[in-house]
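Structure record follows, encoded as structure tokens.
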Amino acid sequence: KGEGVAFEPKLGVLWLRRAARAGSAKAQFEMAMALAKGKGIARDREQANVWFLKAMRRNPLAPHPGVPASATGVREYLDQVRHGSEVGIPEACLRYGMELLRGDRVEDRPGNREQGRDLLNAAADSGVRSARAVISVARETGTPLSVAAQGPFLYARAKACLFGSSRNFTRAVFLLE
């Protein structure tokens with residue numbers, strides 16, 4: 001916890017980066033947060049997003065659709081994506097925005113859907129392709145974002161595009177990425 005150790009943020013980031021490169025999901029998440037906040041290292045949201053994605057891929061506790069919020073690890077995941085979205089990490093904005101729109105693993109509060117929509121738009125504006133896809137599907141079909149954010153809806157839409165005209169094939173592949 002840092003007792004008996006001098007406060008040296010740059011040295012701390014050096015060790016954090018080593019742990020992150022060695023595959024520690026917690027270190028990868030903390031590296032993302034350090035980069036997003038500019039704590040001990042120059043602020044770099046693009047690199048923060050890269051480290052955040054690595055942490056999510058390596059995190060064995062990341063939930064799957066339909067896993068209840070009380071399940072082990074889901075709270076940790078939700079805390080990570082919430083904290084990541086608060087500092088503007090694009091992929092975290094997408095993930096937490098989708099959680100808020102779906103509403104099945106977060107506490108139901110007034111403004112969740114609006115915050116989810118805002119986060120999804122922020123992710124899309126930052127170039128996150130899957131956020132753009134969800135927004136595009138919602139607009140094309142006239143479907144509320146809270147419904148378009150559901151995996152089964154996106155899958156059904158992609159499948160319809162795949163088996164529709166060849167023009168829609170590219171759109172379907174984009175949605176499935």
Side-chain angles (χ1 to χ4, degrees), residues 1-3 5-107 112 115-136 145 148-151 154 173-177:
K1 298 225 173 195
E3 293 179 26
V5 178
F7 180 71
E8 295 184 52
K10 289 183 181 189
L11 185 59
V13 168
L14 174 77
W15 286 106
L16 190 60
R17 187 183 309 260
R18 286 182 182 174
R21 285 183 177 156
S24 167
K26 286 188 182 237
Q28 290 168 342
F29 173 74
E30 291 299 328
M31 190 70 205
M33 294 300 287
L35 283 159
K37 293 178 179 178
K39 189 172 184 177
I41 193 168
R43 191 174 185 172
D44 185 339
R45 283 225 171 108
E46 189 174 312
Q47 278 301 304
N49 199 51
V50 168
W51 282 109
F52 181 83
L53 284 168
K54 287 180 182 186
M56 292 296 106
R57 279 198 240 19
R58 298 208 37 102
N59 186 347
L61 303 175
H64 301 284
V67 175
S70 60
T72 304
V74 174
R75 283 276 163 232
E76 181 182 344
Y77 168 81
L78 291 172
D79 285 345
Q80 287 180 338
V81 293
R82 180 176 51 80
H83 289 306
S85 71
E86 288 170 354
V87 295
I89 298 173
E91 184 69 26
C93 290
L94 166 69
R95 289 173 185 242
Y96 194 57
M98 296 283 275
E99 292 292 344
L100 290 170
L101 286 166
R102 282 193 290 259
D104 60 342
R105 293 192 285 237
V106 293
E107 184 180 333
N112 274 6
Q115 183 184 4
R117 184 193 65 234
D118 292 346
L119 288 170
L120 199 62
N121 282 321
D125 291 346
S126 295
V128 178
R129 290 177 54 154
S130 47
R132 289 180 179 171
V134 171
I135 292 168
S136 173
L145 271 177
Q150 303 292 330
L154 291 171
V173 170
F174 175 75
L175 290 172
L176 291 171
E177 283 183 347

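Note that the numbering runs from 1 along the sequence shown for the chain.
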message: Run the side-chain contact (heavy atoms from CB on, under 4.5 Å) test against Asp125 and tell me which residues pass, sequence neighbours left out.
response: none
- request: Would you please name every residue forming a salt bridge (charged side-chain N to carboxylate O under 4.0 Å, His left out) with Asp79, sequence neighbours left out?
  value: Arg82
- prompt: Which pairs, with at least one residue in residues 11-22 and sequence neighbours excluded, count as a salt bridge (Lys or Arg N to Asp or Glu O under 4.0 Å)?
  reply: none
field: Validation row: Glu99, Leu94 side chains within 4.5 angstrom (heavy atoms)
entry: no
task: Please assess Arg95 against Leu78 for the test side chain to side chain contact (heavy atoms under 4.5 Å, CB included), listing each intermediate value before the final yes or no.
output: CA-CA 9 Å; Arg95 289 173 185 242; Leu78 291 172; over 6 Å; no
message: Are Tyr96 and His83 packed together at the side-chain level, in the sense that at least one heavy-atom pair is separated by less than 4.5 angstrom?
response: no
- prompt: Looking only at atom types and distance, does a side-chain atom of Ser136 sit under 3.5 Å from a main-chain N or O of Arg132, one as donor and one as acceptor?
  reply: no
field: Between SG on residue Cys93 and CD on residue Gln115, distance to nearest 0.5 Å
entry: 9.5 Å
message: Within this structure, what is the CG-CZ distance for the pair Asn112 and Arg117, rounded to the nearest 0.5 Å?
response: 12.0 Å
Below 3.5 Å, can you tabulate the donor-acceptor pairs from side chains in residues 45-52 to any protein atom, sequence neighbours excluded?
{"from": "Arg45", "atom 1": "NE", "to": "Val87", "atom 2": "O", "distance (Å)": "2.8"}
{"from": "Arg45", "atom 1": "NH2", "to": "Val87", "atom 2": "O", "distance (Å)": "2.9"}
{"from": "Asn49", "atom 1": "OD1", "to": "Glu91", "atom 2": "N", "distance (Å)": "2.7"}

query: How long is the span from the CD1 atom in Ile135 to the CG atom in Asn121, to the nearest 0.5 Å?
result: 4.0 Å
Please list every donor-acceptor pair under 3.5 Å in which a side-chain atom of residues 22-41 meets a protein atom from a residue at least two apart or in another chain.
{"from": "Ser24", "atom 1": "OG", "to": "Ala27", "atom 2": "N", "distance (Å)": "3.1"}
{"from": "Gln28", "atom 1": "OE1", "to": "Ala55", "atom 2": "N", "distance (Å)": "3.4"}
{"from": "Gln28", "atom 1": "NE2", "to": "Ala20", "atom 2": "O", "distance (Å)": "3.1"}

- request: Can you measure from CG (Leu100) to OG (Ser85) and round to the nearest 0.5 angstrom?
  value: 7.5 Å
query: How far apart are the closest heavy atoms of Pro90 and Ala123, and which atoms are they?
result: O-CB, 3.5 Å
- request: Indicate the atoms forming the closest heavy-atom contact of Val81 with Met56, along with that distance.
  value: CG1-SD, 4.3 Å
